[in-house]
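Side chains are part of it too, since the values below use all heavy atoms of this structure and drop only hydrogens, waters and symmetry mates. Each chain gets a letter, A, B and so on, in the order the sequences are listed, and its residues count up from 1.
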Amino acid sequence: MTVRNSVRDILLEALNLCSRDNLLLTAEFPPLIIETPANPEHGDFATNVAMQLAKGERKSPRAVAEILVNKIAEASNAFERVEIAGPGFINFTLKKSEWQTLLKEIASSGSSYGRLESSGSRKVQVEFVSANPTGPLHVGHGRGAAIGDTLCRLLDATGWDVTREFYYNDAGQQIYNLALSVQARCLGIEPDDPRWPADGYQGEYIKDLAKAYLSSETVETDGHSVTASANSSDLESIRIFAVAYLRREQDIVLKAFDVRFDNYFLESSLYTSGAVQDTVDRIIGKGHTYEEGGALWLRTTSFGDDKDRVMRKSDGGFTYFVPDIAYHLDKWNRGFVRVVNEQGADHHSTITRVRGGLQALDVGIPLGWPEYLLHQMVTVMRGGEEVKISKRAGGYVTLGELIDEVGVDATRYFFVMRKPDSQLVFDIDLAKQHSTDNPVYYVQYAHARICRIFESAAESGFSYDPASARVELLETDEEIRIIKSLASLPETIQSAAESFEPHRITSYLHNLAGELHSFYNCHRVLSDDPGLTTSRLFMLATVATVIKSALGLLGVSAPERM
RNA sequence: GCGCCCGUAGCUCAGCUGGAUAGAGCAACGGCCUUCUAAGCCGUAGGUCGUACGUUCGAGUCGUACCGGGCGCGCCA
């Protein structure tokens with residue numbers, strides 16, 4: 001129960017009291033909006049309900065507000081003031097004691113504060129990263145990994161049972177190209193050689209791969225090991241080794257990035273199990289296809305697409321979105337009533353196709369299933385200029401390189417700092433800076449600062465007993481402001497999870513850290529007054545806990561010293 | 001040409017799903033350390049919210065049309 005919800009409940013009760021006493025014409029109330037005014041003079045909370053009711057009541061908004069305010073006083077004594085302002089807003093100012101009491105409640109929840117108790121087993125699957133095993137992960141995958149992982153943590157914190165899944169496109173043309181490229185490198189063929197395969201992968205990593213293959217290296221990934229045969233004419237053997245090699249490399253980077261998956265799903269398994277063929281047959285059976293030009297077409301225009309799409313090419317092969325549909329049918333059959341796919345926005349056109357294919361199957365899948373969270377492109381800047389070239393991959397900066405240079409904490413924080421819908425400019429210089437300019441350090445520093453105060457207290461022989469804290473001593477503006485921020489954590493987590501906007505957590509943290517720093521600069525914590533010292537330490541301990549758990553939602557550490 | 005995303009301070013971005021005087025951080029300028037970490041704080045300056053209509057008590061937020069930028073529009077994945 002958040003403070004905002006409590007206010008909403010009181011307001012609703014006041015409205016009901018009005019109805020009971022026949023003070024209002026209507027008993028149908030609009031959804032009650034309790035907002036936080038931008039201007040502190042307008043109180044802690046405000047509602048516009050009087051303005052919404054005014055027309056129906058044939059009264060002025062202020063007159064409606066007048067009636068309501070009287071009943072609010074009857075419904076609750078939690079408020080210092082309830083005022084009518086502006087065009088008809090009702091502004092609520094809570095008593096300080098309400099905030100102070102709230103701090104105690106927050107503190108008693110400890111590290112679980114802000115989390116919603118899981119109400120049963122609401123299963124959700126989140127698919128993210130899903131990079132092709134044809135090269136190292138790039139910064140775009142990094143953003144996807146950070147956003148996807150944070151979303152998983154947010155959903156987990158809001159009561160969902162989350163399954164994290166990675167889909168490997170390990171079948172099809174691009175893997176064939178990969179094998180050809182490695183084979184070419186094995187034979188000493190360079191990209192400018194006329195014998196170099198068309199659409200071959202040119203990055204340096206292919207050379208490393210070829211070298212590993214020729215020296216019969218063994219790689220382990222996903223629980224099994226593959227040893228290279230070193231035979232350059234065995235393309236199938238090259239393919240198997242190359243995929244295993246690159247998967248392992250991706251695994252290592254993701255592990256370093258602290259991103260884990262519960263399940264790895266291989267596209268190739270959809271072919272070996274017959275799921276792809278089965279899916280096609282079922283769609284044909286439902287009559288949503290036709291043959292033209294030697295190809296089999298899916299009538300996606302029936303499901304909102306702007307043109308129909310080929311499912312089976314005239315050469316007999318399936319196009320890429322057919323296994324996608326089979327894959328999603330598999331997710332549905334596994335009982336995931338809710339599925340979220342986190343992807344780069346450059347793949348947004350697949351949404352209509354996948355959903356259309358699922359509708360064509362006619363197995364009762366809802367129209368908006370699965371949900372999508374798309375992120376826009378990442379641009380990496382260094383020294384004011386865009387960085388494009390990487391040693392390993394050639395054409396793009398890899399996630400591994402970025403982590404090595406700026407560290408996991410800063411990388412993760414920066415990737416989720418912006419709304420996924422916005423393109424992201426990743427400023428390497430800023431991310432590496434150990435100063436106030438760097439938002440990650442700004443937040444982490446607030447945590448470290450609190451830890452240091454506790455250390456100082458211990459060093460000076462002060463024995464801190466949280467049970468004897470007296471919250472009523474916390475009455476300065478800076479303290480009350482901090483408590484209010486602490487109070488808004490649960491709804492921040494809730495809204496970030498519901499709207500798929502992890503950046504709300506970084507905004508929250510930056511704001512809370514700022515309030516902590518302001519407080520620190522205006523008030524001493526360790527003073528001659530043991531009662532006040534204890535009470536302030538009590539508040540700081542709570543702030544540290546909240547910072548740590550909110551950073552934890554982002555997969556960012558909360559250091560005790562910096 | 002069509003579809004999706006974006007356009008807010010010089011720069012990077014918020015703006016709580018329609019509220020009151022549009023915010024923060026960089027960059028610029030001026031202050032604050034013999035006392036818990038100055039990796040910090042306080043202050044000044046900076047705006048036609050891309051443009052124009054519309055919806056209503058009320059628009060940065062919703063709608064339409066333009067302008068500008070990105071991405072996608074294959075029997076590639």
Counting only Watson-Crick pairs (N1-N3 plus N6-O4 or O6-N4) and G-U wobbles (N1-O2, O6-N3), all under 3.5 Å, who is the partner of [N]?
N: G25(B); answer: C11(B)
N: C62(B); answer: G54(B)
N: U35(B); answer: none
N: G72(B); answer: C2(B)
N: C16(B); answer: none

Under 4.0 angstrom, heavy atoms only, what part of the nucleic acid is [X] near: base, sugar-phosphate, or nothing?
X: H523(A); result: base
X: G293(A); result: base
X: N132(A); result: sugar-phosphate
X: R312(A); result: nothing
X: V525(A); result: base
X: A457(A); result: nothing

Measure [atom1]/[X] against [atom2]/[N] and give the value in whole Å, please.
X: Y508(A); N: C13(B); atom1: OH; atom2: P; result: 25 Å
X: R536(A); N: U35(B); atom1: CZ; atom2: C1'; result: 15 Å
X: R353(A); N: C76(B); atom1: CZ; atom2: P; result: 12 Å
X: L509(A); N: A14(B); atom1: CG; atom2: C1'; result: 14 Å
X: D421(A); N: G72(B); atom1: CG; atom2: P; result: 17 Å
X: R143(A); N: C5(B); atom1: CZ; atom2: P; result: 15 Å
X: R449(A); N: U35(B); atom1: CZ; atom2: P; result: 13 Å
X: D429(A); N: A27(B); atom1: CG; atom2: C1'; result: 14 Å

The side chain of [X] is closest to which nucleotide in this list: [options]?
X: K307(A); options: A38(B), U12(B), C73(B); result: C73(B)
X: I453(A); options: U12(B), A77(B), C36(B); result: C36(B)
X: N521(A); options: C41(B), C36(B), C2(B); result: C41(B)
X: V310(A); options: A24(B), C41(B), C75(B); result: C75(B)

If we take the [atom1] atom in both [N] and [M], what is their distance in whole Å?
N: A59(B); M: G50(B); atom1: C1'; answer: 16 Å
N: G31(B); M: G70(B); atom1: P; answer: 44 Å
N: C29(B); M: U17(B); atom1: P; answer: 39 Å
N: U44(B); M: A27(B); atom1: C1'; answer: 15 Å
N: A22(B); M: G60(B); atom1: P; answer: 9 Å
N: U8(B); M: G68(B); atom1: C1'; answer: 15 Å

T93(A) versus D44(A), side-chain donor and acceptor atoms under 3.5 Å: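 Side-chain D/A pair, D44(A) to T93(A): absent.
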
Could you tell me if R355(A) and Y372(A) have a donor-acceptor pair between their side chains, going purely by distance under 3.5 Å?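 Result is no, nothing qualifies.
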
Under the 3.5 Å rule, do the base of C75(B) and the side chain of S314(A) count as making a donor-acceptor pair?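 Such a pair is found, so the answer is yes.
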
Distance-only donor-acceptor test (3.5 Å): side chain Y441(A), base A39(B):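 No such pair is found, so the answer is no.
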
Ion pair present between K331(A) and E165(A), side-chain N to carboxylate O less than 4.0 angstrom?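 Not counted as a salt bridge, because no side-chain N and carboxylate O are separated by less than 4.0 Å.
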
Does R312(A) pair with D315(A) as a salt bridge, N-O distance under 4.0 Å?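 No salt bridge links R312(A) with D315(A).
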
Ring centres of [X] and [Y] under 6.0 Å apart?
X: Y167(A); Y: Y327(A); answer: yes
X: F166(A); Y: F265(A); answer: no
X: Y413(A); Y: F415(A); answer: no

Going by the angle between their ring planes, with limits at 30° and 60°, are F92(A) and F79(A) parallel, tilted or perpendicular?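 F92(A) and F79(A): tilted rings.
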
Quick check on RNA chain B: between R309(A) and E560(A), whose nearest nucleotide comes earlier from the 5' end?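 Going by which nucleotide is closer to the 5' end, it is E560(A).
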
To the nearest 0.5 Å, what is the distance between CZ (R412(A)) and OG (S557(A))?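 Spacing of CZ (R412(A)) from OG (S557(A)) equals 11.0 Å.
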
Intermediate values then yes/no, salt bridge (charged side-chain N to carboxylate O under 4.0 Å, His left out), E501(A) and R504(A): CA-CA 6 Å; E501(A) 292 185 350; R504(A) 295 192 190 197; 2.8 Å; yes

[X] side chain N/O closer than 4.0 Å to the phosphate oxygens (OP1, OP2) of [N]?
X: Y520(A); N: A38(B); result: yes
X: S349(A); N: C2(B); result: no
X: S518(A); N: C42(B); result: yes

Are there over 12 heavy-atom neighbours, none belonging to Y290(A), within less than 6.0 Å of that residue's OH?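 Counting neighbours around OH of Y290(A), more than 12 heavy atoms of other residues, nucleotides or ligands fall under 6.0 Å, so yes.
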
For nucleotides 67-71 of chain B, tabulate all protein N/O to nucleotide N/O atom pairs closer than 3.5 Å, reporting atom names and distance.
from   : atom 1 : to      : atom 2 : distance (Å)
G70(B) : O2'    : Q423(A) : NE2    : 3.0

Test of understanding: with side chain to side chain contact (heavy atoms under 4.5 Å, CB included), list the residues that count as partners of E491(A), not counting sequence neighbours.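 Here the qualifying residues are T2(A), R4(A), S488(A).
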
Once each nucleotide of nucleotides 15-20 of chain B is scored for protein heavy atoms under 4.0 Å, what B/S/- sequence comes out, 5' to 3'? SBB-BB

